[in-house]
Each structure stands twice: as structure tokens, then as C-alpha cells.
Amino acid sequence: MIAVNVKLFAVARDLAGREELTLSLPRESSVSDLVEALVHRYPRLEEWKRYLRCALNHQYISSDQILREGDEVAIIPPVSGG
Amino acid sequence: MIAVNVKLFAVARDLAGREELTLSLPRESSVSDLVEALVHRYPRLEEWKRYLRCALNHQYISSDQILREGDEVAIIPPVSGG
Amino acid sequence: MVRIVTEPIDIPMILESLGDPSAGGIDLFVGTTRNHSRGKKVLALEYEAYLPMALNQMQEIADGARKKWDIRNVSIVHRIGRVDIGEASVVIGVSATHRNEAFEACRYCIDTLKKVVPIWKKEFFVDGEAWVGPQGGDQ
Amino acid sequence: MVRIVTEPIDIPMILESLGDPSAGGIDLFVGTTRNHSRGKKVLALEYEAYLPMALNQMQEIADGARKKWDIRNVSIVHRIGRVDIGEASVVIGVSATHRNEAFEACRYCIDTLKKVVPIWKKEFFVDGEAWVGPQGGDQ
């Protein structure tokens, strides 16, 4: 298993009720596996699931990217700046 | 004959050496007749002739418009505002 | 708001004139005097206007923009007299509910102003001065 | 200049940051908070940012604009926290030798910002509040 740190913002944070957490995931888990695990733990995120994007090191990453121990992944709900 | 008042601006005024003048033109003269008469009187305007537009009552008028006694025609060299 | 002024253009005042609680965006174009023109160094510029007709044409442009696009407010202010390098010679602002309209209408106003408003620019070079001649598109 | 601020955006300062003696025009987009959204009256807005990533993405947008167009300067400033109706939430300015580039690059910056920069808007209505959901094009 690997430990991945997750940061949550805006609607995702409000629905999960927390800003940060650590998820344990099987080795070779992808970004979309992480999102599945997150929604499984916080079912209120379900309706936003298909809109969530993820970022690593302040860059968006694709849903099939494989995660590594200690990665800090930001969950980015639909942006609405401007 | 009719008398038409002419106002000159920018390069047209500088080349003619005056801001206003009155031209006597045959009845039924058009705007392009006026420009011809003006350039005839001030030959230095020749090289700008094809770029000159005319205005009456603050609106551009077409070169075939017929002028009337007392009209005040503004000679508009190429504009360069902005 | 349509104005021709002889002092530096008051941009905060223009932004204020465009404010509208239902507006989601303002596009503002500021035309500034460049230090070069057709390969020559420009020291300063001087603008002259046929005032009543210029104001009339500027108002027609503003009215035309309101007819063509769903916009809230439009302001067009041109400065005349001497304008130093880097200073604003013209400022056009458009507020609209959606930004697309603000951008398009603002672009229309400056493009049209440059074609029809009787204002003329004289450029001062190291070795003389000259009225700007017939122009192409994007000057 | 790329910044995220919590106070009202200083537009004259942004215009100054864009000044360049070789620039012929500045296009400035000011995004303001609207009093209505999807048919409901909005009382105020609150913006939240994932700060380091938002600044990073804003800088990438500015760099991208410089690569795509021949422009002089570009500034992108976003305000976060509470923003009252009519106040500016974002200001983007681009200076360029020719206005076409200024307009196109400014448009690119705001369009891209709205798609990628991790900033979120919460709308406050008479009867509650809500994060803005997935958006269409011109919001």
C-alpha cells in the first residue's frame, strides 16, 4: 500500500468536511482510483465526481497517472474564477 | 453661380494656408466638382486629392452629392485619431 | 459618455462611468502614443479634431455599438493637443453582462473611430514633423 | 505581473505596470461581480484560491500569451475573499505595439483563466449560498 496526501478545496472540502486527509491505496493506483476511494469515503462527493480534476505539484494530471508514496494530490472541483 | 463655404483641417489646411474660404461654383456642382476647384486653386493639395472626403452638417457626403448655395463643406483629409 | 478633452484622460472616472450592477465585465482599450512610427523615432504627437463632427461621429459609434450588441454602457474619450510618448490618446470602455459582448463592442468602437472620426495626428520627429497619411488596418 | 490580492484591485497601478514607450495600445478586461446569476439575485460573492497553484497557472497563462502574440507586457490580478456587487474580481491587461495583439491576448488570458485557474466562487443569495458548479462558455 502507499499513502497519498489529499488536499480538498471549495465545494469538495465543504462536502467532505475537511481540508486534508491521507488515503491508503494499493500500489500502482491511478488518479482515478484515488478519486473512487475518496468518493467511497465521502459519498456526498458523488454528484461532483465527474467534474473533479486532480493536480500534483501545481499542475493538472491525467486520470490514468500512477501515484507514488507521499504524493500530495489536490482535488480541484470545477473552477469559477474570473 | 453658388457660393459654398469650405472648412479645411490638418494637412489640407496647412497646404492651402487657410482654414476657411468661399468658393464660387456653377449651379448643380457636385462635391467632386468642389474638390476639383479647391485643388485647382491650391495645387499643393493635388497629392492628397484622392484621399479627401467631404462632410456637410457633420456627416460624410458622397462625391456625387449636389451642393447648394450657402452649404458649409468640411474637407476631411485621412483621419488618424486613436 | 462621449468626450474630447485636452488634459490627460481620467481612466478611473471612465471606469466609474461604466459601472453597472448587472455588468459582469468591462473591456477597456487604451491607445497610447508610441515612440516609433514607420521606422522613425517619434518625440511627441499632436492631435487636432473637427470638434462638433468628431463628437457627433463618436456618439454615432457608441449608439451603433449599443444597437449591435447587448451592452450596458459605453464611453469614448479622445484627447487632443500635445500627447507625450506613453500617454493615452484615446480610451474606450464597454460594460456588458457577458464579456464576449464587451470585447466585441470595444473592438468595434476603436476600429470604427480610427476610420471615421475627424481627428488628425501630427508626429514630431527629431528632424521635422508630419501629418499622418492614409492608413492601413492596424495602426 | 501576476498577483492574487485580498483588497480592491488597484487598476491605475496595473495600467502603470503595462506602460511601455513602444506600446501603441493596452487592452484591459475588468471582471465585475453581477447582481444576478442563473435568474437569482446575488448579494455578494466570495472567492477562494488554491494559492500556489493558482499563481502558477496565472503565470503560465501570461507566459503563454507572450509566446503566442507579439505583446509587450501582461498583468493578471485576481481578488479573493468577499467581493461586493460591482467590484472587480479580476483584472487582466495586455500592452502591445498593435491593438490586435492586445485584444487577442487579453481575451485568451481571461478565457483560459476561467477554465484552468483553481479559484472558486461562492454566491450569496437572499435564501442561502452556493458554490458555482460546472460552467458553460461565457460566464
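So that the names make sense, note that chain A is the first sequence line, chain B the second, and so on, each numbered from 1. Here the structure is a predicted model, which means the values were calculated and not measured. Heavy atoms only: backbone and side chains are in, while hydrogens, waters and symmetry mates are out.
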Task: D/Asn35 side, atom CG; C/Thr97 side, atom OG1 - distance, nearest 0.5 Å - done: 9.0 Å
- [ ] Quick one: pull up CD1 in D/Ile26 and CD1 in C/Ile11 and give me the separation to the nearest 0.5 Å.
- [x] 7.0 Å
Task: Proximity of residues 66-80 of chain D to chain C, residues having a non-hydrogen atom under 4.5 angstrom - done: none
Open item on the list: Between C/Gly31, C/Ala23, C/Gly86, who has the most heavy-atom pairs with chain D when the cutoff is under 4.5 Å?
Closed with: C/Ala23
Task: Interface moiety of D/Leu15 toward chain C, non-hydrogen atoms closer than 4.5 Å - done: side chain
Open item on the list: So for D/Pro21, is it side chain, backbone, both, or neither that comes closer than 4.5 Å to the heavy atoms of chain C?
Closed with: both
- [ ] Find out whether D/Lys114 and C/Arg99 are in side-chain contact, i.e. whether some heavy atom of one side chain is under 4.5 Å from a heavy atom of the other.
- [x] yes
Task: Closest non-hydrogen atom pair between C/Phe29 and D/Phe103, with its separation - done: CD1-CE1, 3.6 Å
- [ ] Identify which part of D/Ser22 has an atom lying under 4.5 Å from any heavy atom of chain C, answering side chain, backbone, both or neither.
- [x] both
TODO: Sort out for me which of C/Ile110, C/Leu28, C/Ile85 touches chain D most, counting heavy-atom pairs under 4.5 Å.
DONE: C/Leu28
TODO: Calculate, to the nearest 0.5 Å, the distance between atoms CG and CG belonging to C/Asn100 and D/Asp111 respectively.
DONE: 8.5 Å
TODO: Please examine the side chains of D/Arg107 and C/Asp27, heavy atoms only from C-beta on, and report whether any two atoms are closer than 4.5 Å.
DONE: no
